[in-house]
Structure formats: structure tokens, C-alpha cells
2 protein chains.
Amino acid sequence: MQDSLRRFKAEIFQALAHPTRIAIVELLRDQGEVPVSSIHEKLALEQANVSQHLAVLRGKHIVVGRKEGNQVFYSLRDRILGKVLDLMRQFFQNHLREALDLLNDMKTEAAPAR
Amino acid sequence: MQDSLRRFKAEIFQALAHPTRIAIVELLRDQGEVPVSSIHEKLALEQANVSQHLAVLRGKHIVVGRKEGNQVFYSLRDRILGKVLDLMRQFFQNHLREALDLLNDMKTEAAPAR
DNA sequence: CGACAATATTCGAAATATCGCATATACTGG
DNA sequence: CCAGTATATGCGATATTTCGAATATTGTCG
């Protein structure tokens with residue numbers, strides 16, 4: 001009973017649990033409505049890959065696609081998810097130290113200084 | 001560069017992307033500090049399973065354990081994650097209709113539908 | 001219709017996650 | 001030290017995710 005609600009939440013988190021999908025959601029949050037081709041270009045991803053990730057997000061009703069002629073425009077379904085990502089940024093800042101360690105562990109790639 | 005931040009966020013979401021771990025986080029949010037035994041009992045899970053999930057949450061610094069004598073008391077590392085879960089509840093309510101459909105799909109256990 | 005552009009889907013392989021069971025570690029009391 | 005309780009870890013087996021390559025679908029234009 002409460003359990004199915006938790007399963008629901010878990011599914012949403014699962015859908016967000018991928019860097020590419022986070023990038024997509026953030027892009028939509030910032031740009032509003034965007035055609036697949038833009039996502040494809042801006043994020044420099046394989047076209048098929050973009051479609052696959054969009055399918056995941058669509059499956060959980062996180063985004064919607066509006067067909068217009070040849071292309072499909074995607075947008076966030078609910079402003080709330082933008083807020084969730086903002087909270088995550090806050091969380092990140094609160095735990096900057098450990099976060100950096102985590103990132104290091106994951107494998108690093110840049111930006112010294114601060 | 002933004003990418004590692006997104007990987008970080010994705011890791012957090014991944015850690016939350018499991019019904020059991022959501023249950024644990026919610027329990028900690030509501031009860032403050034709780035010994036493993038309580039989690040084990042209240043959620044009716046295998047002891048080892050609880051430990052495994054706690055390990056995941058610990059690994060992402062979502063929870064901390066404080067050792068006291070024989071037992072270990074866990075608590076949420078940051079109130080913010082409670083807020084995230086609250087937002088998720090809101091999200092759930094906003095999309096109640098589709099959410100229910102989703103839950104039904106997940107269930108696959110009955111209801112000849114209409 | 002035929003060619004082309006935009007997007008979606010399918011398939012198989014590699015990587016990752018989850019669970020139960022067995023076992024290990026840490027602490028307490030006698 | 002021994003027995004007992006609380007928690008953690010290692011190990012296979014099974015399930016799920018992810019990605020690229022190939023292919024399918026849909027719409028446009030001439």
C-alpha cells in the first residue's frame with residue numbers, strides 16, 4: 001500500500017538516475033520546449049541513444065513529446081522536477097567536500113582551482 | 001565539466017532508486033536516529049538486506065551511522081533529501097491519474113480492466 | 001510514388017544491481 | 001576466554017540497464 005507509492009517514487013528516481021537523462025531534463029528545464037535534434041546536437045549524443053533515453057523519461061511521464069510536422073518537441077511535464085534538481089544542487093553544495101571525494105573516486109577529469 | 005556534477009546527481013538518484021531504500025530514508029526522516037534493528041523490524045526485511053541497502057546509502061553519504069555499544073544508529077545526513085521526497089509526493093499527486101496507471105502496469109496481477 | 005530527413009524501436013553483448021545464504025567482525029556480559 | 005547479540009561483508013545466481021548498430025516508422029517534398 002505505502003509500498004506501491006514507494007515503488008512509484010523509486011521508478012521516478014530510477015528514470016533520473018543517469019547523467020544523460022539528467023542533462024536532458026536540465027536542458028528542458030532551461031529551454032522549455034526543444035526538438036530532439038537540438039538535444040542530439042547540444043549534448044553530442046548518438047541519435048538512437050537520445051531516443052532511448054527519451055523513451056525512458058516518457059515512460060515515466062517525466063517528459064511529453066509534441067509532434068509537429070517532421071519533428072518532435074519535448075518538454076518537462078512538471079516544473080516540480082526542476083525543483084528537485086535544484087535541491088540536488090543544494091545538496092551537492094552542502095556536502096561539497098565529500099561530493100568532491102566521490103567525484104574523485106568515480107574518476108576525475110579536470111578543473112583544478114576554484 | 002558539468003558532466004561530473006551530473007554524474008554525481010545521477011549517483012544520488014540511483015541510490016534512492018529502490019523502494020526499500022526509500023522506505024529507509026523516509027523512516028529516518030520521520031524518526032530521526034534509528035538503530036539498524038528497528039529498520040530491520042519495522043520494514044520486515046532480512047537483516048543482511050538492510051545492511052546492504054544501508055551500505056549503498058552510506059556510500060553516497062546519504063546517511064551516517066553512529067556506533068553506540070552494540071548497535072549502530074543511522075540518521076539522514078541532510079534534511080534536504082526529506083524535502084526531495086516531499087516534492088516527489090507532490091509530483092505524485094499532480095499526476096495521480098497517470099501514476100495510478102503506472103502502478104497498475106507494474107502490478108500486472110489482475111483487474112480485467114474496462 | 002520515391003528519396004530524404006527526423007525520430008523510434010529492436011537486438012545482442014557487456015556492465016551493473018539485487019537477493020539470500022553463509023560467514024565475518026565487533027561488542028557485551030559472565 | 002566463551003557465548004550471544006548486532007551489524008557487515010563476500011559470493012553466486014538472476015534480473016535489469018545501457019549502448020551501438022541495424023532497421024523501422026512517419027512526415028515532407030518534388
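Residue numbers begin at 1 in each chain, while the letters A, B, ... track the order of the sequences.
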[atom1] of [X] versus [atom2] of [N]: gap in Å, rounded?
X: B:Leu45; N: C:dC19; atom1: CG; atom2: C1'; result: 11 Å
X: A:Leu54; N: C:dT9; atom1: CG; atom2: P; result: 10 Å
X: A:Arg66; N: C:dA6; atom1: CZ; atom2: C1'; result: 15 Å
X: B:Gln47; N: C:dT23; atom1: CD; atom2: P; result: 15 Å
X: B:Phe13; N: C:dA17; atom1: CZ; atom2: P; result: 17 Å

5'-most contact on DNA chain D: A:Asn70 or B:Gln71, nearest heavy atom basis? B:Gln71
Nearest heavy-atom contact between A:Pro19 and B:Arg6 is O-CD, 3.8 Å
Assess whether side-chain hydrogen bond (donor to acceptor under 3.5 Å, both in side chains) is satisfied between B:Arg58 and B:Tyr74, documenting all intermediate values. CA-CA 9 Å; B:Arg58 229 172 35 226; B:Tyr74 277 90; 2.7 Å; yes
Terminal contacting nucleotides, 5' and 3', DNA chain D versus chain A (heavy atom, 4.0 Å): D:dT18 to D:dT28
Hey, is the main chain of A:Ala15 close enough, under 3.5 Å, to the side chain of A:Arg21 for a donor-acceptor pair? yes
Look only at the side chain of A:His53 and the backbone of A:Thr20, and say whether a donor-acceptor pair between them is shorter than 3.5 Å. no
Pick base, sugar-phosphate or nothing for [X], based on heavy-atom distances below 4.0 Å to the nucleic acid.
X: A:His53; answer: sugar-phosphate
X: B:Phe73; answer: nothing
X: A:His18; answer: sugar-phosphate

Side chain of A:Ser51: nearest nucleotide among C:dT9, C:dC19, C:dC21? C:dT9
Closest of C:dT10, C:dA8, C:dC21 to the B:Gln52 side chain is C:dC21
Should the pair A:Lys9-B:Glu26 be classified as a salt bridge under the 4.0 Å nitrogen-to-oxygen rule? yes
Output yes when A:Lys83 and A:Asp86 qualify as a salt bridge under the 4.0 Å nitrogen-oxygen rule, no when they do not. no
Kindly say if B:Arg21 contacts the phosphate of C:dA17, meaning a side-chain N or O under 4.0 Å from OP1 or OP2. no
Within a strict 4.5 Å, meaning less than it, do heavy atoms of the A:Val50 and A:Leu54 side chains meet? yes
Which comes earlier along DNA chain C counting from the 5' end, the contact point of A:Gln14 or that of A:Val50, where each point is its nearest nucleotide? A:Val50
